[in-house]
There are 2 protein chains.
Amino acid sequence: MNVTIYDVAREANVSMATVSRVVNGNPNVKPATRKKVLKTIEELGYRPNAVARGLASKRTTTVGVIIPDISNMFFSELARGIDDIANMYKYNIILSNSDQNIDKEIKLINTMLEKQVDGIVYMGSRLTDEHLKEFKTSPVPIVLAATIEPTNAIPSVNIDYEEAGYEATKLLIDNGHTKLAFVTGLDETTANKAKHQGFVQALEEIELTVDQTNVFRGDLSYQSGLKAVESLFDQTEKPTAIFAASDEIALGVIHGIQDLGLNVPADVEVIGFDNTRLAMMIRPTLSTVVQPVYDIGAVAMRLLTKYMNKEEVEESNVILPHQIIKRSSTK
Amino acid sequence: MNVTIYDVAREANVSMATVSRVVNGNPNVKPATRKKVLKTIEELGYRPNAVARGLASKRTTTVGVIIPDISNMFFSELARGIDDIANMYKYNIILSNSDQNIDKEIKLINTMLEKQVDGIVYMGSRLTDEHLKEFKTSPVPIVLAATIEPTNAIPSVNIDYEEAGYEATKLLIDNGHTKLAFVTGLDETTANKAKHQGFVQALEEIELTVDQTNVFRGDLSYQSGLKAVESLFDQTEKPTAIFAASDEIALGVIHGIQDLGLNVPADVEVIGFDNTRLAMMIRPTLSTVVQPVYDIGAVAMRLLTKYMNKEEVEESNVILPHQIIKRSSTK
DNA sequence: TTGAAAGCGCTAACAG
DNA sequence: CTGTTAGCGCTTTCAA
């Protein structure tokens, strides 16, 4: 068997309570005693059992993270922000991919709750009533990161997607375009819907009609961007400016346009969304909406720590600032 | 307080042992009893406490994953493979970023061991004696993924990096080049060292001298690829073919070359490594060494499950096949 | 097929 | 400053 707190106590001629105190840095221990205990901990190679501690103290210092797909750059960057802050506050992270599958998401929430996580950071979309019920009845705090719950009933960290979509479109319009297109993923995801609304709003402002031929719905992949161009340029009304819902899509769009023998930005201007590292990995470099992805993760985790410590929080639905960075894919 | 197994037992008029049995799917329960218990579990909204279970059973069904940087595409893809297989075997994952920092790596191993993980998947490089000591004295199995331990004393899953490096270089040589360069990350990382050795071996085979001007060491980023070109083409002996240690570096290299007004592959041929999704996200599309990243993670996790179940394993140091895929950045 | 009881290793009053 | 003593919620013999 492994060496336990009890072995240390016996060997050091103190009670296990004392050992527990020095392990937990409780100041109520005489320095000499502390030193003696530390020494025998070292000798015996004692390693505290966090599971036992968790059971006794009802705190596991681990938080659950539910994420659509860690292999997607956007989410892995988010996850990095979460882990860094978690680490800073001495938490560990149980990370699970949901693939946006509702059943799996619900199951994951329950598994994590069974494992007695102290809190959960949730990323996803299409929040159903079942999701909300789980969130609301959860015994531990839950914070949404980069995922929108329209009624703001659950703490969250986001940017203003609609405003960002509006601004991106506006930039294209201000450059003189009247034939705009929006390339997005499945529209159920609320963030993309908000971007879409921003797009529509900007067009309506100059009394441009928005019909389905202006919008291409695929997934969030590079390939989907390629396909979008195929479809969009197969029409009589070819767009001269494209707003893509993610950088990866935007890369696909730009390459698709180039494959057609057209020039970006001379013939077609393109603007992306997220400002992942991809934005610099293309020629022309990509103009895009800067979404502070890492920060969203970091702030969400920070917010969660406040709830876990039962601290006062002023704003439970944080909106982080975004900006537009103009590079070479727009004029 | 939360509802416990004891509450269920009382409410269902059985002992907690029986409840435990039905929760754990133990067949020695009369169907009628099982049904009754299940019903009151439902009514009471009982959720088993995995921490208590872990303490009593000494199995937590969670494994630790130590990873250099989840926001790096290569590793996030690996992590995805790990999580998918973990999930398949009902394990959860505690994921932590190490940034290749030795102290942090050691600390993480200990934290995870304290949390009583059933096993660990480790990714990193520069394995010190301290690492090996931790690995060897660990009370639970550890598997290395995409990280090389020269003596093969620890179970691992890799590809043959040296052979792959050799083949990539050979392809360039066979295309008639004599001025080759290798762009890599910090050379301490053993996988990159192996690639380097393959590069050297291929050159020596045709009696080409290898000196430092042929090799550029930076980090594994796109920016570093850009810098490499700057440096390499600032010499009198400019390379006509470049082998990059990662796809991300290769993208930087290609763009750097293009920024110089040169053409890829006409003036300079480039081959990458990994075959991440980036390889398709560039023009010309990138020829590269296909490293089955996802599979490395998946196989590593699978191997770990075998150790955790104390199954027989035939080969503890798995070498997965690699291949070279020719796209448009080489002739 | 079921129950009783002894822990798993630690924290947290409480008492001294 | 230190020790005693209950648990935390569950698994797991051992009996019945």
Side-chain angles (χ1 to χ4, degrees), chain A residues 1-38 40-41 44-62 90 110-111 113-118 139-140, chain B residues 1-38 40-41 44-62 90 110-111 113-118 139-140:
Chain A
M1 203 51 265
N2 236 306
V3 19
T4 73
I5 201 174
Y6 192 74
D7 300 321
V8 176
R10 184 167 26 71
E11 206 66 23
N13 286 312
V14 295
S15 71
M16 51 187 292
T18 300
V19 178
S20 174
R21 286 191 188 97
V22 350
V23 168
N24 292 295
N26 183 317
N28 292 106
V29 182
K30 191 162 50 167
T33 315
R34 175 185 308 281
K35 198 174 157 200
K36 183 174 59 176
V37 171
L38 251 15
T40 97
I41 283 180
L44 269 46
Y46 167 68
R47 178 154 37 213
N49 181 326
V51 171
R53 171 183 296 171
L55 183 58
S57 69
K58 303 189 164 315
R59 293 191 66 241
T60 54
T61 62
T62 108
K90 312 285 183 207
N110 279 292
T111 304
L113 258 17
E114 285 185 7
K115 297 223 169 173
Q116 311 298 119
V117 295
D118 295 334
V140 298
Chain B
M1 202 52 265
N2 236 306
V3 20
T4 75
I5 201 175
Y6 192 75
D7 300 322
V8 176
R10 184 166 24 73
E11 206 66 22
N13 286 312
V14 295
S15 71
M16 50 186 295
T18 299
V19 178
S20 175
R21 288 191 188 96
V22 348
V23 168
N24 291 295
N26 184 317
N28 290 107
V29 181
K30 191 162 50 167
T33 315
R34 176 185 308 282
K35 199 175 156 199
K36 182 175 59 177
V37 171
L38 251 17
T40 96
I41 282 180
L44 268 46
Y46 167 68
R47 177 154 37 211
N49 180 326
V51 171
R53 170 182 298 170
L55 182 59
S57 70
K58 304 192 165 310
R59 293 190 66 242
T60 55
T61 63
T62 107
K90 312 285 183 206
N110 278 293
T111 304
L113 258 18
E114 286 185 7
K115 297 222 168 172
Q116 311 300 117
V117 293
D118 295 334
V140 298

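So that the names make sense, note that chain A is the first sequence line, chain B the second, and so on, each numbered from 1.
- Side-chain contact check for A/Arg47 versus A/Asn2: every heavy-atom pair is 4.5 Å or farther apart.
- The NZ atom of A/Lys30 sits 13.0 Å away from the NZ atom of A/Lys35 when rounded to the nearest 0.5 Å.
- Distances shorter than 4.0 Å separate some side-chain N or O of A/Thr33 from OP1 or OP2 on D/dT2.
- For A/Pro27, there are no side-chain contact (heavy atoms from CB on, under 4.5 Å) partners at least two apart in sequence or on another chain.
- Applying the side-chain contact (heavy atoms from CB on, under 4.5 Å) test to A/Asn13 and every residue at least two apart in sequence or in another chain returns nothing.
- Proximity of A/Leu44 to A/Glu11: side-chain heavy atoms (C-beta onward) are separated by under 4.5 Å at one or more points.
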Please set out all donor-acceptor pairs under 3.5 angstrom arising from side-chain atoms of residues 17-26 of chain B, sequence neighbours excluded.
| residue | atom | partner | partner atom | Å |
| --- | --- | --- | --- | --- |
| B/Thr18 | OG1 | B/Ser15 | OG | 3.4 |
| B/Ser20 | OG | B/Asn24 | ND2 | 3.3 |
| B/Asn24 | ND2 | B/Ser20 | O | 2.8 |
| B/Asn26 | OD1 | B/Asn28 | N | 2.8 |

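- Nucleotide C/dC10 holds its P atom 21 Å from the CZ atom of B/Arg53, rounded to whole Å.
- Of the two residues near DNA chain C, B/Ala52 and A/Ser57, the one whose nearest nucleotide lies more 5' is B/Ala52.
- If you take CD1 of B/Ile41 and P of D/dG9, they are 16 Å apart, rounded to a whole angstrom.
- A search for side-chain contact (heavy atoms from CB on, under 4.5 Å) contacts involving A/Ala52 returns A/Asn49, B/Leu55, not counting sequence neighbours.
- Look at CG on A/Asn49: it is 14 Å from C1' on C/dG7, rounded to the nearest Å.
- As judged by a 4.0 angstrom heavy-atom cut-off over every strand, B/Asn28 is placed among the base-contacting residues.
- Atom OH of B/Tyr6 is separated from atom C1' of D/dT11 by 17 Å (rounded to the nearest Å).
- By the 4.5 Å heavy-atom criterion applied to side chains, A/Lys115 and B/Thr61 are counted as neighbours.
- Axis angle, first five pairs versus last five pairs of the helix from C/dT1-D/dA16 to C/dG16-D/dC1: 30°, rounded to 10°.
- Between B/Tyr46 and D/dC10, a side-chain N or O to OP1/OP2 separation shorter than 4.0 Å is present.
- Of the residues in residues 14-26 of chain B, those placing a heavy atom less than 4.0 Å from an atom of DNA chain C are B/Val14, B/Ser15, B/Ala17, B/Thr18, B/Arg21, in numerical order.
- The nearest whole Å value for the distance from the CG atom in B/Asp7 to the P atom in D/dC10 is 9 Å.
- Within the 4.0 Å cut-off from OP1 or OP2 of C/dG9, at least one side-chain nitrogen or oxygen of B/Lys58 is found.
- When the P atom of D/dT12 is taken as reference, atom CG of B/Leu55 falls 12 Å away, rounded to whole Å.
- Looking at B/Asp118, its side chain never comes within 3.5 Å of a backbone N or O of B/Arg59 through a donor-acceptor pair.
- The interatomic distance linking B/Gln116 (CD) with D/dC10 (P) rounds to 18 Å, in whole Å.
- For A/Ile5 and D/dT4, the CD1 to P distance is 14 Å, given to the nearest whole Å.
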